[in-house]
**Student:** 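One structure follows; several queries about it will come next.
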Amino acid sequence: MKELIEKKHMFHPDRDEKLLVAASGGKDSQVLLSIIKKLYPVGLDVEALYIELGISQENYSQDSGIVARKFCEELNIPFHQLNVKDTYGFNIDDIHQLNAEVEDRKWKFDKDPMRGECSYCGTLKRYMINKFAFENGFTCVATGHNLTDETTQLMNNFFNMDLNFLAKSGPVADVHIPKLVPRVKPLFFISEEEIAMYAYFADIAHLGTECAYSTHVPNIQLKKALKEIEDYRRGNNLSLARRYHKIMQPVIEKAVHSDKSNDKLCSVCGFPTFGKKCKFCKTIAVLTDRFQQLKIEL
């Protein structure tokens, strides 16, 4: 991990930087926080942000926040928490209820069809983390995405022939767009199994349960398929990630030409967007309207 951080110039205590780690209470972000603190015990300004998503099944969100906060206190890392419902009026549980009501009534939408909870969760987290980082002067955001996550997403993008995402994949999203804080993934070449082993032997507290809403999403099934391949072809995921980013990605990046540019500013929130209004603000407006249409109490 240190080798990747230094090779990709992610962050360093000798530079005047302020690092925000996206904390979730799960093993990935807990291990990431632990290793960063071990590698850079002094000199690096590190803080953590937890997004309270309001997932009540098995007390998932509440327990995650407690675990993340306690661990940050042990590491003496400043901890911040944002609540989705307090900020935008609804959370993931509410979206789950909305999805169920729409399905029950067999409603169809020609524009902006309903998506799974994981899709909305990702949209909310990405926006809120970047907004918090920008408004509080952070120069970099580190996330706990690991090798297993990245190869799963890589294959998903391949199956969808999403060339734009295939071109942008990598351990560093070094953007030079105002109001978009650069993102890094220090665990990019470390597998989920290795992280679990590290957490166990280093006795790192983390929430072991998975989100109930993620059980049947396509990416989870794809991850299981890649694990089966890894079981009889050891090193497949690491080889796939390394060779893709060394050989194929430069070719795709060179070949893909997009007229899209997210250097425009959203007319609602003022953050970068491809069009007049950003995906986040469109999503909030659509969901708010549908909650009202169905008269769902929030």
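Atoms considered below: every heavy atom in the structure, side chains included; atoms not considered: hydrogens, waters and symmetry mates.
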**Student:** Using the ring of F165 (Phe, Tyr or Trp, six-membered ring only), decide whether K168 places NZ or CZ under 6.0 Å from its centre and within 45 degrees of its axis.
**Tutor:**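 Relative to the ring axis of F165, which defines the angle, K168 lies inside both limits.
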**Student:** If every non-hydrogen atom of L265 is compared with every non-hydrogen atom of G270, which pair is closest and at what distance?
**Tutor:**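 Between these two residues, the closest heavy atoms are CD2-O, 3.4 Å.
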**Student:** Consider only side-chain heavy atoms of I, L, V, M, F, W and Y, link residues closer than 4.5 Å, and tell whether F271 and I177 are in one cluster.
**Tutor:**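 They do not share one cluster, since no chain of ILVMFWY contacts under 4.5 Å joins F271 to I177.
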**Student:** Treating K185 as the side-chain partner and T143 as the backbone partner, does any N or O pair qualify as donor plus acceptor under 3.5 Å?
**Tutor:**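 Not a single qualifying donor-acceptor pair exists.
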**Student:** If we ignore angles and hydrogens, is there a donor and acceptor under 3.5 Å between the side chains of S29 and S24?
**Tutor:**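 Yes.
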**Student:** Please check if the number of heavy atoms outside R233 that lie under 6.0 Å from its CZ is greater than 12.
**Tutor:**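 Atom CZ in R233 is not packed in, count stays at 12 or less.
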**Student:** Other than F79, which residues form its hydrophobic cluster under the rule that side-chain heavy atoms must be closer than 4.5 Å?
**Tutor:**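 Its cluster mates, by chain and number, are Y50.
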**Student:** With a 4.5 Å cut-off on side-chain heavy atoms, are T209 and D63 touching?
**Tutor:**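 Contact flag for D63/T209 side chains = no.
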**Student:** Does the ring center of H80 lie less than 6.0 Å from the ring center of F132?
**Tutor:**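 Judged by ring-centre distance (under 6.0 Å), H80 and F132 do meet the cut-off.
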**Student:** With a 4.5 Å limit on heavy-atom distance, are the side chains of Q62 and I66 in contact?
**Tutor:**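 Answer yes - side chains close enough.
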**Student:** To the nearest 0.5 Å, what is the distance between CD on E210 and OG on S214?
**Tutor:**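 One finds 5.5 Å between CD of E210 and OG of S214.
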**Student:** Side chains of T273 and K279: does their closest heavy-atom pair fall under 4.5 Å?
**Tutor:**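 Answer no - side chains too far apart.
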**Student:** Do N130 and L180 have side chains that approach each other closer than 4.5 Å (heavy atoms only, starting at C-beta)?
**Tutor:**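 A side-chain contact under 4.5 Å exists here.
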**Student:** So does H145 get a backbone contact from the side chain of E150, meaning a donor-acceptor N/O pair under 3.5 Å?
**Tutor:**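 Side chain of E150 to backbone of H145: no pair is present.
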**Student:** Quick check against the 3.5 Å criterion: does Q249 have a side-chain atom that pairs as donor or acceptor with the backbone of A167?
**Tutor:**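 Yes, the answer is positive, given that a donor and an acceptor are paired below the 3.5 Å cut-off.
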**Student:** Under 6.0 Å between ring centres, would you say that holds for Y88 and F280?
**Tutor:**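 So the answer is yes for these two rings.
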**Student:** I'd like to know if the side chain of H245 and the backbone of R243 have a donor-acceptor N/O pair within less than 3.5 Å.
**Tutor:**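 Here the side-chain-to-backbone pair does not exist.
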**Student:** What distance separates F90 CZ from Y120 OH, expressed to the nearest 0.5 Å?
**Tutor:**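 So the gap between those two atoms works out to 9.0 Å.
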**Student:** Check the pair C140, M10 against side chain to side chain contact (heavy atoms under 4.5 Å, CB included), reporting the backbone distance first and the verdict last.
**Tutor:** CA-CA 8 Å; C140 183; M10 293 182 176; 5.6 Å; no
**Student:** Got N164 and V256 here, is their nearest side-chain heavy-atom distance under 4.5 Å?
**Tutor:**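 Touching, per the 4.5 Å side-chain cut-off.
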**Student:** Is it true that L207 and I51 fall in one hydrophobic cluster, defined by side-chain heavy atoms closer than 4.5 Å?
**Tutor:**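 Yes.
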**Student:** Quick one: CD on E228 to CG on L226, what's the gap to the nearest 0.5 Å?
**Tutor:**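 With rounding to 0.5 Å, CD (E228) is 9.5 Å from CG (L226).
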**Student:** Is it the case that the side chain of S191 and the backbone of E194 share a donor-acceptor pair, with hydrogens and angles ignored and the cut-off at 3.5 Å?
**Tutor:**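 A pair under 3.5 Å: yes.
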**Student:** For atom CD of E3, is the number of surrounding heavy atoms from other residues, nucleotides or ligands below 6.0 Å larger than 12?
**Tutor:**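 No, CD of E3 has 12 or fewer neighbouring heavy atoms, counting only those of other groups under 6.0 Å.
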**Student:** Please name the pair of heavy atoms, one in N156 and one in L222, separated by the smallest distance, quoted to 0.1 Å.
**Tutor:**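 Answer, listing the atom of N156 first, then L222: N-CD2, 3.6 Å.
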**Student:** Are side-chain heavy atoms of P272 and P178 found at a separation under 4.5 Å?
**Tutor:**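 The answer is no; the side chains never approach within 4.5 Å.
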**Student:** Any donor-acceptor pair under 3.5 Å linking the side chain of R15 with the backbone of H9?
**Tutor:**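 Checking the backbone N and O of H9 against the side chain of R15, a donor-acceptor pair under 3.5 Å is found.
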**Student:** I need the minimum non-hydrogen distance between A68 and Q30, along with the two atoms involved.
**Tutor:**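 Nearest pair, atom of A68 first, then Q30: CA-OE1, 3.9 Å.
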**Student:** If hydrophobic clusters are built by linking Ile, Leu, Val, Met, Phe, Trp and Tyr wherever their side-chain heavy atoms come under 4.5 Å apart, do L49 and V67 end up in the same one?
**Tutor:**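 Result: no, two separate clusters.
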**Student:** Do the side chains of Y127 and I284 join up, straight or via other hydrophobic residues, at under 4.5 Å, putting them in one cluster?
**Tutor:**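 Yes, Y127 and I284 fall within the same hydrophobic cluster.
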**Student:** Is there a path from I129 to F11 through hydrophobic residues (I, L, V, M, F, W, Y) whose side chains come within less than 4.5 Å of each other?
**Tutor:**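 The answer is no; the residues belong to distinct hydrophobic clusters.
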**Student:** Might you point out which heavy atoms bring T87 and M128 nearest each other, and give the distance in Å?
**Tutor:**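 Nearest heavy atoms, T87 then M128: OG1-CE, 4.2 Å.
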**Student:** Transitive ILVMFWY cluster of I220 at side-chain heavy atoms under 4.5 Å: who else is in it?
**Tutor:**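 ILVMFWY cluster around I220 also holds V217.
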**Student:** Tell me whether D112 is salt-bridged to K282, with the criterion being a basic N under 4.0 Å from an acidic carboxylate O.
**Tutor:**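 Salt bridge absent between D112 and K282.
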**Student:** With no hydrogens and no angle check, just 3.5 Å: does a side-chain donor-acceptor pair link Q293 and D289?
**Tutor:**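 D289 and Q293 do have a side-chain donor-acceptor pair below 3.5 Å.
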**Student:** Going from CG on D28 to CD1 on I195, what distance comes out if it is rounded to the nearest 0.5 angstrom?
**Tutor:**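 D28 CG to I195 CD1: 4.5 Å, rounded to 0.5 Å.
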**Student:** Check the pair C211 / Y60 against side chain to side chain contact (heavy atoms under 4.5 Å, CB included), numbers first and verdict last.
**Tutor:** CA-CA 7 Å; C211 173; Y60 182 77; 3.8 Å; yes
**Student:** Whether the side chain of T151 engages the backbone of T148 through a donor-acceptor N/O pair (distance < 3.5 Å, no angle test) should be reported.
**Tutor:**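 Checked: pair present.
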**Student:** Atom OH in Y213, atom CG in L53: separation rounded to 0.5 Å?
**Tutor:**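 Reported to 0.5 Å precision, the distance equals 11.0 Å.
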**Student:** For T152 and N219, which I'm curious about, is there any donor-acceptor pair between the side chains at under 3.5 Å?
**Tutor:**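 No - no donor-acceptor pair under 3.5 Å links their side chains.
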**Student:** Quick check: closest heavy atoms across S61 and E52, and the distance to 0.1 Å?
**Tutor:**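 Heavy-atom minimum between the residues: CB-OE2, 3.0 Å.
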**Student:** Inspect the surroundings of NZ in K37 and state if more than 12 heavy atoms from other residues, nucleotides or ligands are less than 6.0 Å away.
**Tutor:**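 Yes, enclosed.
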**Student:** Give the intermediate values and the outcome of side chain to side chain contact (heavy atoms under 4.5 Å, CB included) for residues L32 and V21.
**Tutor:** CA-CA 8 Å; L32 178 60; V21 176; 4.0 Å; yes
**Student:** Could you check whether Q153 and D149, counting side-chain N and O atoms only, form a donor-acceptor pair closer than 3.5 Å?
**Tutor:**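 No donor-acceptor contact under 3.5 Å links the two side chains.
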**Student:** Kindly indicate whether the side chain of K125, heavy atoms from C-beta on, has any atom under 4.5 Å from the side chain of C121.
**Tutor:**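 A side-chain contact under 4.5 Å exists here.
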**Student:** How about N160: does its CG atom have over 12 heavy atoms from other parts shown lying under 6.0 Å from it?
**Tutor:**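 Enclosed: over 12 neighbouring heavy atoms sit under 6.0 Å from CG of N160.
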**Student:** Which pair of heavy atoms, one from P171 and one from L4, lies closest together, and at what distance?
**Tutor:**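 Between these two residues, the closest heavy atoms are CB-CD2, 4.2 Å.
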**Student:** Count the heavy atoms belonging to other residues, nucleotides or ligands that lie under 6.0 Å from CE of M248, then report whether that count exceeds 12.
**Tutor:**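 Atom CE in M248 is not packed in, count stays at 12 or less.
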**Student:** Just checking, any donor-acceptor pair under 3.5 angstrom between side chains of E17 and H12?
**Tutor:**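 Short answer, no.
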**Student:** Taking NZ in K179 as the centre, count heavy atoms belonging to other residues, nucleotides or ligands within less than 6.0 Å. Is the count above 12?
**Tutor:**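 Atom NZ in K179 is crowded, with more than 12 foreign heavy atoms closer than 6.0 Å.
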**Student:** For K8, is the NZ atom crowded, meaning more than 12 foreign heavy atoms sit under 6.0 Å from it?
**Tutor:**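 Atom NZ in K8 is not crowded, with 12 or fewer foreign heavy atoms closer than 6.0 Å.
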**Student:** Any non-hydrogen side-chain atom of Q221 less than 4.5 Å from a side-chain atom of K224?
**Tutor:**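 Yes, side chains in contact.
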**Student:** Do the side chains of E192 and K227 get close enough for a salt bridge, i.e. N-O under 4.0 angstrom?
**Tutor:**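 Result for this pair is no, no salt bridge flagged.
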**Student:** Within a 6.0 Å radius of atom CG on N76, are there more than 12 heavy atoms belonging to other residues, nucleotides or ligands?
**Tutor:**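 12 or below, so no.
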**Student:** To the closest 0.5 Å, what do you measure between OG1 (T283) and CG (L124)?
**Tutor:**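 The OG1 atom of T283 sits 8.0 Å away from the CG atom of L124.
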**Student:** Can you name the residues that form a side chain to side chain contact (heavy atoms under 4.5 Å, CB included) with F109, not counting sequence neighbours?
**Tutor:**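 Once residues adjacent in sequence are excluded, the partners of F109 under the side chain to side chain contact (heavy atoms under 4.5 Å, CB included) criterion are V102, W107, M114, R290.
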**Student:** Would N157 and L154 count as a side chain to side chain contact (heavy atoms under 4.5 Å, CB included) if you check the C-alpha gap in whole Å, the side-chain angles of each, and the deciding distance to 0.1 Å?
**Tutor:** CA-CA 5 Å; N157 291 334; L154 176 61; 5.7 Å; no
**Student:** Is the backbone N or O of I229 less than 3.5 Å from a side-chain atom of N236, with the two atoms forming a donor-acceptor pair by type?
**Tutor:**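 No; zero donor-acceptor contacts below 3.5 Å.
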